[in-house]
Amino acid sequence: MFLRAILLLTTTFPLTLLAYPQMIRHGYNNCTTCHVSPRGGGMPTDYGRALSKELLSTWSYEGEEQWDYGAIDEKPDWFKLGGDFRTVQVHTRNQRGTMGRYIIMQEQVEAALKHKNSYLNITAGSDTLKESRPWYIPQFYFYTNLTDHLNMRVGRFVPRFGVNTPEHIFSTRGPLGFGFQSERDTLEFMYIQNKWDVSLAVVTGELRNKTEAQGFYTQINYSFSTKEKIGISIEKQTRGSEDLSLSMHGLVGFTDKLYLITDSVYRNSESVNNRIQEGFFHFSKIGWEMEKGFHFILIEDLKKQDLQAAGTTEFLYGGGFVFFPRPHLEIQGVLAKQRVARFESGEGEYAWLMLHFYL
């Protein structure tokens with residue numbers, strides 16, 4: 001079964017990892033170019049803000065990309081501010097009926113103190129999943145360059161694994177424990193060269209669901225060019241079960257407008273009663289920037305929780321758009337078909353409209 005899973009991984013042509021990984025079509029294949037976090041996502045660097053105006057957004061005015069929209073002429077270089085507010089309207093229709101739901105996914109503010117090549121970063125916000133905890137600190141870390149090539153990060157955050165996309169609902173993110181609010185206590189080292197990078201991390205501590213987790217992570221990426229990057233990730237973790245996960249992931253910019261993002265994960269889990277469950281998870285997105293800031297996308301997502309059980313397969317495919325009208329604003333709409341093996345009536349509909357405001 002393990003060999004069959006490896007075959008599935010290699011035949012998907014997985015080609016990795018930024019919060020907006022489609023920027024590889026412009027030759028940006030390193031997360032730290034645009035983000036404070038080496039994993040990508042969250043607060044942009046000054047250069048990342050400039051790119052959000054020049055390459056990402058349809059319209060902008062001078063200074064709009066700054067967190068203060070250019071209101072302050074001289075801001076201190078040692079202090080950085082960011083944040084994310086994300087909401088979504090979801091629609092589903094299947095044999096169980098029709099349902100619509102509005103969800104506030106993220107309300108967070110991020111601040112960082114910078115000294116030379118080091119950052120002290122803290123994220124605070126409301127916990128959208130727990131009414132009893134309306135305000136808390138999900139993420140904090142200290143990040144520094146030990147040498148020209150070796151970086152270290154320590155604190156509470158999500159370790160590097162697979163493609164860090166903002167679509168946390170897809171099978172390679174949230175269902176595998178790498179989605180929103182899945183931070184854990186982590187010590188991470190990353191060695192970066194021009195063509196490749198490798199990271200090693202050890203994790204411990206309590207997850208959001210009160211499960212104790214300890215584990216080891218490694219990721220290796222190789223860039224054939226500034227527009228092509230592939231990699232593998234390995235997870236060995238204990239959180240109620242013994243999990244071994246292997247990811248083959250990556251991205252490619254075919255042109256300045258056409259790109260592919262894909263991630264495939266094989267997971268082997270051994271429960272406390274010694275039952276072994278093998279699963280396969282896969283996500284791909286093809287995007288085409290029709291006009292500056294407006295992308296047409298095709299997506300497909302496969303989740304097979306147990307390769308031995310026929311009723312554990314879920315498959316989603318569809319299309320939609322991503323629109324960056326101005327710096328700080330993203331709108332995404334998707335209409336998809338969803339097949340769930342345990343349902344008898346075949347396909348259902350799944351659609352969402354997402355609004356993302358970021359500082």
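The analysis underlying the following values was restricted to heavy atoms, covering all of them including side chains, and did not include hydrogens, waters or symmetry mates.
Inspection of the Glu270 and Asn268 side chains reveals no N or O donor paired with an N or O acceptor under 3.5 Å. In summary, the side chains of Asp263 and Ser247 do present a donor paired with an acceptor at a separation below 3.5 Å, with no hydrogens or angles considered.
Salt bridge present: Arg93 and Glu349 bring a charged side-chain N and a carboxylate O closer than 4.0 Å. Salt bridge present: Glu314 and Lys303 bring a charged side-chain N and a carboxylate O closer than 4.0 Å. With respect to Arg160 and Asp197, a salt bridge is recorded, a charged nitrogen being found less than 4.0 Å from a carboxylate O. Between Lys292 and Asp256 there is no salt bridge, since no side-chain N of the basic residue sits under 4.0 Å from a carboxylate O of the acidic one. Between Lys75 and Asp68 there is a salt bridge, since a side-chain N of the basic residue sits under 4.0 Å from a carboxylate O of the acidic one. Between Arg25 and Glu289, at least one side-chain nitrogen of the basic residue sits less than 4.0 Å from a carboxylate oxygen of the acidic one, meeting the salt-bridge criterion. Salt-bridge formation is detected for the pair Glu62/Lys53: a Lys NZ or Arg NE/NH1/NH2 atom is positioned less than 4.0 Å from an Asp or Glu carboxylate oxygen. A salt bridge does not link Glu107 with Arg86: every distance from a Lys NZ or Arg NE/NH1/NH2 to an Asp or Glu carboxylate oxygen is 4.0 Å or more. Here Arg275 pairs with Asp306 in a salt bridge; the nearest charged N to carboxylate O distance falls below 4.0 Å.
Taken together through direct or relayed side-chain contacts under 4.5 Å among Ile, Leu, Val, Met, Phe, Trp and Tyr, Leu335 and Met354 form parts of separate hydrophobic clusters. With hydrophobic clusters built from ILVMFWY side chains whose heavy atoms lie under 4.5 angstrom apart, Ile122 does not share a cluster with Leu187. Note: the hydrophobic cluster containing Leu329 also contains Trp59 (ILVMFWY, side chain heavy atoms under 4.5 Å, direct or indirect links). Hydrophobic clustering places Leu200 together with Leu146 (ILVMFWY residues linked when any side-chain heavy atoms are closer than 4.5 Å, directly or through intermediates). Linking ILVMFWY residues whenever their side-chain heavy atoms come closer than 4.5 Å, directly or via other members, places Val88 and Ile299 in the same cluster.
Gln338 is listed as a side-chain neighbour of Val340, based on a closest heavy-atom distance under 4.5 Å. Here the side chains of Met190 and Met152 are not in contact, with every heavy-atom distance at 4.5 Å or above. In this structure, the side chains of His282 and Val265 stay at 4.5 Å or more apart for every pair of heavy atoms. For the pair Trp67 and Met43, the minimum side-chain heavy-atom distance is 4.5 Å or more. Phe85 has its side chain out of reach of Tyr358: every pair of non-hydrogen atoms, C-beta onward, lies at least 4.5 Å apart. At a threshold of 4.5 Å between non-hydrogen side-chain atoms, the residues Tyr102 and Thr87 count as touching. Looking at Val109 and Leu81, their side chains come closer than 4.5 Å, going by heavy atoms from C-beta outward. A heavy-atom distance below 4.5 Å is not found between the side chains of Phe140 and Glu183.
A donor-acceptor pair under 3.5 Å links the side-chain atoms of Ser225 to the main chain of Lys227, judged by distance alone. Using modelled atom types, no side-chain atom of Lys80 and backbone atom of Thr45 make a donor-acceptor pair closer than 3.5 Å. A distance-only check finds a donor-acceptor pair linking the side chain of Gln277 to the backbone of Gln305 [under 3.5 Å]. Between the His328 side chain and the Gln66 main chain, a donor and an acceptor come within less than 3.5 Å of each other. Between the side chain of Arg156 and the backbone N or O of Ile137 there is no donor-acceptor pair closer than 3.5 Å. Under a 3.5 Å cut-off, the side chain of Gln108 and the backbone N or O of Gly125 do not form any donor-acceptor pair. Although no hydrogens or angles enter the test, the distance criterion places no donor-acceptor pair under 3.5 Å between the side chain of Ser223 and the main chain of Thr226. With hydrogens and angles disregarded, no donor-acceptor distance shorter than 3.5 Å links the side chain of Glu54 to the backbone of Leu51. Within the 3.5 Å criterion, the main-chain N or O of Leu302 finds a donor-acceptor partner in the side chain of Ser171. Without hydrogens or angle criteria, Tyr143 side chain to Arg153 main chain gives no donor-acceptor distance under 3.5 Å.
Taken from CD in Glu291 to NZ in Lys257, the straight-line distance is 6.5 Å, to the nearest 0.5 Å. Note that CZ of Arg267 and OG1 of Thr172 are 11.0 Å apart. Values are rounded to the nearest 0.5 Å. In this structure, Met248 CE and Ile232 CD1 are separated by 7.5 Å, a value rounded to the nearest 0.5 Å. Once rounded to the nearest 0.5 Å, the distance linking CD of Glu228 with CG of Leu260 reads 11.0 Å. To the nearest 0.5 Å, atom CG of residue Asp301 and atom OH of residue Tyr350 are 9.5 Å apart. Rounding to the nearest 0.5 Å places CG of Leu316 at 10.0 Å from CD of Glu347.
Taking the centre of each ring, Phe161 and His249 stay at or above the 6.0 Å mark. Taking the six-membered ring for Trp, Phe280 and Tyr266 have ring centres at least 6.0 Å apart. Between Phe170 and Phe283, the ring centre distance stays below 6.0 Å. Ring centroid separation for the pair Phe294 and Phe323 comes in under the 6.0 Å cut-off.
Stacking of Arg326 on the aromatic ring of Phe324 is not recorded, the 6.0 Å distance cut-off and the 45° axial limit not both being met. A cation-pi arrangement, defined by a distance under 6.0 Å to the six-membered ring centre and an angle within 45 degrees of its axis, is absent between Arg339 and Phe315.
Ring-plane geometry between Tyr217 and Phe178 is classed as perpendicular, the angle between the planes exceeding 60 degrees on a 0 to 90 degree scale with a lower cut at 30. Between Tyr191 and Trp196, the angle of the ring planes lies from 30° to 60°, which puts this pair in the tilted group.
Between His356 and Asp84 the shortest heavy-atom distance is NE2-OD1, 2.7 Å. Minimum heavy-atom separation, Trp135 to Ala124: CZ2-CB, 3.7 Å. Contact record, Gly205 with Asp185: CA-OD2, 3.8 Å, taken as the closest heavy-atom pair. Annotation for Asn121 and Ala112: closest pair ND2-CB, 3.9 Å, computed over non-hydrogen atoms. Heavy-atom minimum distance, Ile331 versus Pro325: CD1-CG, 4.5 Å. Between Glu188 and Pro159 the shortest heavy-atom distance is OE2-CA, 3.9 Å.
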- Ile261 and Tyr259: CA distance, side-chain angles, deciding distance, side-chain contact (heavy atoms from CB on, under 4.5 Å) verdict: CA-CA 7 Å; Ile261 306 166; Tyr259 54 91; 4.3 Å; yes
- Please step through side-chain contact (heavy atoms from CB on, under 4.5 Å) for the pair Phe79 and Leu113, ending with a clear verdict. CA-CA 5 Å; Phe79 178 73; Leu113 302 178; 3.8 Å; yes
- side-chain hydrogen bond (donor to acceptor under 3.5 Å, both in side chains) between Thr238 and Glu242, worked out: CA-CA 5 Å; Thr238 302; Glu242 295 282 345; 2.9 Å; yes
